[in-house]
Amino acid sequence: MKQIPVLLVLGFALSLCNLTNRLKTSTNSGGPGKTATRSTASGEVEQANPTAAQTQALAGGKTAKWDQQGMSWTVPPSWKETSNESKELLWRSPGGSDAANLIVSISPMDESFPTEISINAFYDQAKSRMKNGEVDEVKWLEIDGLKGVQFRESNPEKPDGIRRLQWLAYRKYAGQVQMVNLMLSSDGTGFPKHQDEMYGVMYSTKIVH
């Protein structure tokens, strides 16, 4: 029976991806350089460590705060907040469909929700998507001491197709078990020019847990 809520959450996470279809974005490659890792029962966990280019992309940046959820990021100086609600935060760079977007969603779970089973299922699902060519990067990634699954979608077939860089994790906050869905996106045209700043924003995450 515990598999039922896991499947529901998997479906929910996929539906969150559709959120970015209203905020067109872009892509290319650009993961971190050499980083520290640690071993766990589920595999090697990489520590968030931006490259020099990713750090430089945030030079002169500002802090994007989500006080309701105890989270913050460093974003480029030209980015602006477009929405700040109790369970969803949106920031965006200048531009049209080729703009970069930071979309963070929080989903409260029941106290007994099997977070370890669920996060492993997210990782396995991302690995399956990689075999199908839908994803070109998958890893266990620890950001600010919190372990999650990070994956990046492959280049879209059409230039105006959405490409996403995403990190999923679970935490306990304000007496709740929560799923954290952190997504950065742009369209196929914009992703290459925004990729360093998007990785930089992801790795700058500060999160209470």
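None of the values given here were measured: they were computed from a predicted structure.
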With side chains defined as the heavy atoms from C-beta onward, is the minimum distance between [X] and [Y] less than 4.5 Å?
X    : Y    : answer
Y173 : Q69  : yes
Y199 : T51  : no
R164 : L184 : no
E134 : S128 : no
L89  : W91  : yes
S107 : M109 : yes
H194 : S93  : yes
E88  : V104 : no

(message) Determine whether F151 and E137 satisfy the following criterion, side chain to side chain contact (heavy atoms under 4.5 Å, CB included), listing intermediate values before the conclusion.
(response) CA-CA 5 Å; F151 56 91; E137 180 179 87; over 6 Å; no
(message) Going by the rule side chain to side chain contact (heavy atoms under 4.5 Å, CB included), which residues pair with T63 if we only count those two or more places apart in sequence or in a different chain?
(response)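 T63 satisfies side chain to side chain contact (heavy atoms under 4.5 Å, CB included) with K65, S72 only.
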(message) If the condition is side chain to side chain contact (heavy atoms under 4.5 Å, CB included), which residues does T205 pass it with, not counting sequence neighbours?
(response)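 T205 satisfies side chain to side chain contact (heavy atoms under 4.5 Å, CB included) with M71, W73, I143, L182, I207 only.
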Just how far is it from atom [atom1] of [X] to atom [atom2] of [Y], taken to the nearest 0.5 Å?
X    : Y    : atom1 : atom2 : result
N181 : I103 : CG    : CD1   : 9.0 Å
M130 : S154 : CE    : OG    : 7.5 Å
Q125 : N120 : CD    : CG    : 13.0 Å
S118 : E116 : OG    : CD    : 9.5 Å

(message) Restricting to side-chain hydrogen bond (donor to acceptor under 3.5 Å, both in side chains), what partner residues turn up for Q56, sequence neighbours left out?
(response)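 Q56: no side-chain hydrogen bond (donor to acceptor under 3.5 Å, both in side chains) contacts found.
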For a quick test of reading the model, state the closest non-hydrogen atom pair linking [X] to [Y] and the distance between them.
X    : Y    : answer
P77  : A59  : CD-O, 4.0 Å
D196 : A53  : OD2-CB, 3.6 Å
A169 : G148 : CB-CA, 3.9 Å
A57  : P76  : O-CG, 4.0 Å
P108 : K87  : CG-CE, 3.6 Å

(message) Could you go through V180 and L168, starting from their C-alpha distance and side-chain angles, then the distance that decides it, and tell me whether this counts as side chain to side chain contact (heavy atoms under 4.5 Å, CB included)?
(response) CA-CA 6 Å; V180 179; L168 299 170; over 6 Å; no
(request) Would you sort out whether V149 and L141 count as a side chain to side chain contact (heavy atoms under 4.5 Å, CB included), showing the intermediate values? (result) CA-CA 6 Å; V149 177; L141 180 68; over 6 Å; no
(request) Using salt bridge (Lys or Arg N to Asp or Glu O under 4.0 Å) as the criterion, list what pairs up with E85, not counting sequence neighbours. (result)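 With neighbours one apart ignored, the set is empty.
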(message) For residues 170-185, which residue pairs pass the salt bridge (charged side-chain N to carboxylate O under 4.0 Å, His left out) check, not counting sequence neighbours?
(response)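 Applying salt bridge (charged side-chain N to carboxylate O under 4.0 Å, His left out) to every pair that reaches into residues 170-185, excluding sequence neighbours, yields E111-K172.
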(message) Strictly by salt bridge (charged side-chain N to carboxylate O under 4.0 Å, His left out), give each pair with a member in residues 70-80 just once, sequence neighbours left out.
(response)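 Sorted result for residues 70-80: empty, none.
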(message) Using the side chain to side chain contact (heavy atoms under 4.5 Å, CB included) definition, which of the options E153, Q150, M183 pairs with L165?
(response)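 Among E153, Q150, M183, the one meeting side chain to side chain contact (heavy atoms under 4.5 Å, CB included) with L165 is Q150.
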(request) Identify the residue among T55, V201, L58 that makes a side chain to side chain contact (heavy atoms under 4.5 Å, CB included) with P50. (result)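 Between P50 and the candidates, side chain to side chain contact (heavy atoms under 4.5 Å, CB included) is satisfied uniquely by T55.
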(message) If the threshold is 4.0 Å, N to carboxylate O, is there a salt bridge linking K147 and E142?
(response)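 Salt bridge: no.
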(message) Between W79 and E197, is there a side-chain donor-acceptor contact under 3.5 Å, judged purely by atom types and distance?
(response)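 E197 vs W79: donor-acceptor pair found between side chains.
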(message) Measuring centre to centre across the rings, with the benzene-like ring taken for any Trp, is F113 within less than 6.0 Å of Y170?
(response)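 Centroid separation for F113 and Y170: below 6.0 Å.
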(request) Evaluate the side chain to side chain contact (heavy atoms under 4.5 Å, CB included) criterion for residues N49 and Y203: first the C-alpha distance (whole Å), next the side-chain angles of each, then the deciding distance (0.1 Å), finally the verdict. (result) CA-CA 7 Å; N49 184 25; Y203 296 155; over 6 Å; no
